[in-house]
Amino acid sequence: MKKTYIMKKNLFTLCCICLTAGAALSSTDAFAQGMKVGGNAQDMKVGGNAQNMKVAGKSQNMRVSGEAQQTGNAAIATQVRDADIATDLRVADMRKDPVLMTIDGKEVTTSEFMYIYRKNNSESTIDQKSLDEYLELFTNFKLKVAEAESEGIDTTAAFKKELAGYRAQATPKYMRDDAALDSLVELSYRRMTHIRRAAHIAIECRQDASDSAKAATRALIDELRQKATGTYEVKGKVQPAADFYELARTYSTDPSAKETGGELGWIIPFRYVYSLEDAIYSTPVGEITEVFQSSYGFHIALVEEETETEEVHAAHIMKMTSSKDEAVSARAKEQIDSLYNVVLGGADFAETAASWSDDKGSALRGGDLGWFSRGMMVKPFEDTAFGMQEGDISLPFRSQFGWHIIKLYGRRHLLPLDSMRSQVERNVQRDERAQEADKSFLRKTRAEYNLPAEMSDEDVRAYADAHLEEKYEDLRHLVQEYHDGILLFETSLKNVWDKASKDTAGLKRYFDAHKKDYTWEEKRFKGWIIQAQDEATARRAMTIIKTANPDSVNSYIAKRVNNDSTTLVRVEHGVWKKGQNAAVDKYGFKQKNTEFKPRAEWPVVRAYGKLQKAPKEYTDERGRVTSDYQDELEKEWIKELKKKHNVVINKEVFESLKK
């Protein structure tokens, strides 16, 4: 019998089923690429795996040390206790949840009962009769939980680990600031509707650099910003603004700056680290950002222009070139020219890409690259694609990857937020900006519980997590459901399910006493089907079947007929009705028109057994008999539990639920 999460999650439903039916549980240049956040982006898409600009590692919490730490911890402990008391008082004041019943003095609230009732009843209205019936089922369910607790199952390490695991899956959505997350999603989408072109100056400064090195680097970037904005003074005289691009070529430690003048191309949200994106989108077009920092160092950027975001849908055929072998590049040019003439002559573009493109990833899709905006492809590719009209096929052009031909399928503006919300939210949650939502959650948690300022972020999260069930009723009930479901499973397994399946004597007695309840509408074949490689092997198997204990047949066949490498004969025992097994239909029921065809390795097929009008022993109807026997054991168990445990139902409270 296999435990599953679904079974545990819905075990109260399962309890009801078992009571009524007795069911068994059955993710540009080298420096510019480093500035991009792209993960496993395709080579054609700017990004790659480099995330040099991304701040790495976990932030380190400031901690008080030595005696000051001990004193601080004592003060924190006092404030936390005060926060706990205030929380308890608030919860007690807010909680108006009448006790529906007690079991051995342990209270069960009305809200818990109604939570389970509504979860297992699709009807929106409360039916008086169904409430009465459900109360009985719920009481039996809680009795089993009480029994499991009396058996100490809830104190075991295995139980605690399993419950903690289920709770950990349920709590993340409560440990975040949804309002802050929504705000970040909306801000990100607003930025996505307009792309910005920018250039930057970067001065490298390692995160583990000395304080003096960081100060010197910061002083240099501040000076460069003053020079670029025309606020730099020499002997008290303000100097004219210097050319930003020349400053980048002279001072920037970005290796590509000497050639590009610091050009970054088009900036779109989620493609660069958040500090760069945020600085560029927070600065008016034509102006220079304030100094901002990343894991690479310190930066300033010039916001050059902004345009409305447009996307194109394109496919391409590519022939790769080699920077080290001109012969390879020349051959690639000849091939791309030939392919251009082929598609221009009417050949299907997708089929040609699939057969001849060196970009094997997109070739599988007929060269299709999907929809993309500016800033997502290398510049030669981007400039060509965005200069085309729908249906156009480009002339062959070259990028750093090779020679290309593009076919443009369509152009569009960015889709509405409603169509993209889930995608944008996923990007926000795996991006640095998610830290902003986390900071908001921590601020609100500190304020809500009046937590001390000295308390670390880690401890604030732990405090919030420990009080989630007090704050969120739905979570409280869900965790209680997990708790009770695990206990129900374990105690039912012990007292009913395993007991019934292993008690062969009990199953026999039950069947003999209720034989009249087990009938068949038509005869069934009970016996063996033998499939062998030849007649002699079939006869040997038949002899074993006739003379050996049925439980030992398969073992004897394996040892005396088959060998380790070859199965010479296959035997199958069972009780079948017509239509269940084609071989049985032909050889057991002697039907002439069947679809059964012997397998090549076992051409000889025989049947040994007889037709029966009704089951003669419990094994003939093992599934039904076991299920019914479980029902009987469960009813007897419930009677024992009602005698053992003291159940008191508040009838006045229960009747009020019907009004």
Side-chain angles (χ1 to χ4, degrees), residues 1-7 23-26 354-355 360 364 493 497-498 500-505 507-508 511 518-630:
M1 212 167 300
K2 185 179 179 181
K3 289 190 286 185
T4 67
Y5 169 75
I6 296 300
M7 289 160 66
L25 283 180
S26 343
S355 300
K360 299 305 180 185
L364 294 172
L493 188 66
W497 302 325
D498 270 0
S501 63
K502 295 175 181 178
D503 184 9
T504 55
L507 287 166
K508 184 180 184 305
F511 174 77
Y518 301 98
T519 59
W520 294 334
E521 293 182 358
E522 58 182 355
K523 291 181 180 181
R524 299 187 184 186
F525 177 80
K526 178 181 179 180
W528 299 82
I529 288 295
I530 303 166
Q531 299 180 67
Q533 72 167 11
D534 52 42
E535 288 286 356
T537 305
R539 285 194 297 270
R540 292 175 63 194
M542 185 74 78
T543 300
I544 293 173
I545 289 171
K546 290 179 178 179
T547 59
N549 184 306
D551 294 335
S552 303
V553 167
N554 286 325
S555 175
Y556 287 147
I557 293 289
K559 292 178 181 178
R560 300 178 182 179
V561 183
N562 293 326
N563 55 54
D564 293 337
S565 60
T566 307
T567 301
L568 303 177
V569 63
R570 177 188 176 199
V571 297
E572 184 178 4
H573 182 261
V575 179
W576 295 274
K577 59 184 178 182
K578 288 180 182 179
Q580 277 189 310
N581 184 305
V584 173
D585 288 347
K586 183 171 183 177
Y587 297 97
F589 289 103
K590 308 296 184 182
Q591 291 183 329
K592 295 181 179 180
N593 299 321
T594 66
E595 296 180 358
F596 177 76
K597 292 182 180 180
R599 291 173 57 167
E601 65 268 42
W602 305 313
V604 178
V605 182
R606 297 287 181 267
Y608 176 75
K610 56 186 176 181
L611 298 177
Q612 291 183 188
K613 295 181 180 180
K616 294 184 177 181
E617 50 190 348
Y618 83 88
T619 54
D620 294 345
E621 276 284 12
R622 184 185 293 272
R624 286 176 59 196
V625 175
T626 301
S627 178
D628 293 344
Y629 186 44
Q630 284 178 351

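In what follows, every heavy atom counts, from backbone to side chain, and hydrogens, waters and symmetry copies are set aside.
The heavy-atom pair separating His573 from Gly527 by the smallest distance is CD2-O, 3.2 Å. Taking each heavy atom of Ala538 and Ala532 in turn, the nearest pair found is N-CB, 3.7 Å. When every heavy atom of Ser501 is checked against every heavy atom of Asp498, the shortest pair comes out as OG-O, 3.1 Å. Heavy atoms only, all atoms of each residue included: Tyr587 and Ala607 are closest at O-CB, 3.4 Å. Of all heavy-atom pairs spanning Pro603 and Pro598, the tightest one is O-CB, 3.8 Å. Nearest approach of Lys523 to Leu611, heavy atoms of both residues: CD-CB, 4.2 Å.
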Between Lys586 and Gln591, does the side-chain contact (heavy atoms from CB on, under 4.5 Å) criterion hold? Intermediate values first, please.
CA-CA 5 Å; Lys586 183 171 183 177; Gln591 291 183 329; 5.8 Å; no
Evaluate Phe589 against Thr594 for side-chain contact (heavy atoms from CB on, under 4.5 Å), listing each step before the verdict.
CA-CA 11 Å; Phe589 289 103; Thr594 66; over 6 Å; no
Walk me through whether Trp520 and Glu621 qualify under side-chain hydrogen bond (donor to acceptor under 3.5 Å, both in side chains).
CA-CA 10 Å; Trp520 294 334; Glu621 276 284 12; 2.9 Å; yes
Could you please spell out the steps behind the side-chain contact (heavy atoms from CB on, under 4.5 Å) verdict for Gln612 and Arg524?
CA-CA 5 Å; Gln612 291 183 188; Arg524 299 187 184 186; 5.7 Å; no
Could you walk me through whether Val569 and Ile557 pass the side-chain contact (heavy atoms from CB on, under 4.5 Å) check?
CA-CA 8 Å; Val569 63; Ile557 293 289; 3.7 Å; yes
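Interatomic distance, CZ of Phe511 versus CD of Glu617, reported as 8.0 Å (0.5 Å rounding). In this structure, OG1 on Thr504 lies 9.0 Å from CZ on Arg622, to the nearest 0.5 angstrom. To the nearest 0.5 angstrom, Ile544 atom CD1 is 10.0 Å from Asn554 atom CG. Distance check: Lys526 NZ to Lys610 NZ gives 7.5 Å after rounding to the nearest 0.5 Å. To the nearest 0.5 Å, atom OG1 of residue Thr566 and atom CD of residue Gln533 are 8.0 Å apart. In this structure, the separation between CZ on Arg606 and CD on Glu535 is 4.0 Å, given to the nearest 0.5 Å.
Side-chain contact check for Tyr518 and Asp620: no donor-acceptor pair (N or O, by modelled atom type) lies under 3.5 Å.
In this structure, Arg540 contributes its side chain and Arg560 its backbone to a donor-acceptor pair below 3.5 Å. A donor-acceptor pair under 3.5 Å is absent between the side-chain atoms of Ser627 and the main chain of Gly623, judged by distance alone. Panel note: side chain Asn562, backbone Leu568; a donor-acceptor pair is recorded below 3.5 Å.
Sparse packing is recorded around OH of Tyr556, with 12 or fewer heavy atoms of other residues, nucleotides or ligands lying under 6.0 Å away. Within 6.0 Å of the NZ atom in Lys360, the count of heavy atoms belonging to other residues, nucleotides or ligands exceeds 12.
Side-chain contact between Ile530 and Trp602 is absent, with no heavy-atom pair separated by less than 4.5 Å. Counting heavy atoms from C-beta outward, Tyr629 and Tyr618 have side chains that stay 4.5 Å or more apart.
Between Phe525 and Trp576, the ring planes lie parallel to each other; the angle is under 30°, not in the 30° to 60° tilted range.
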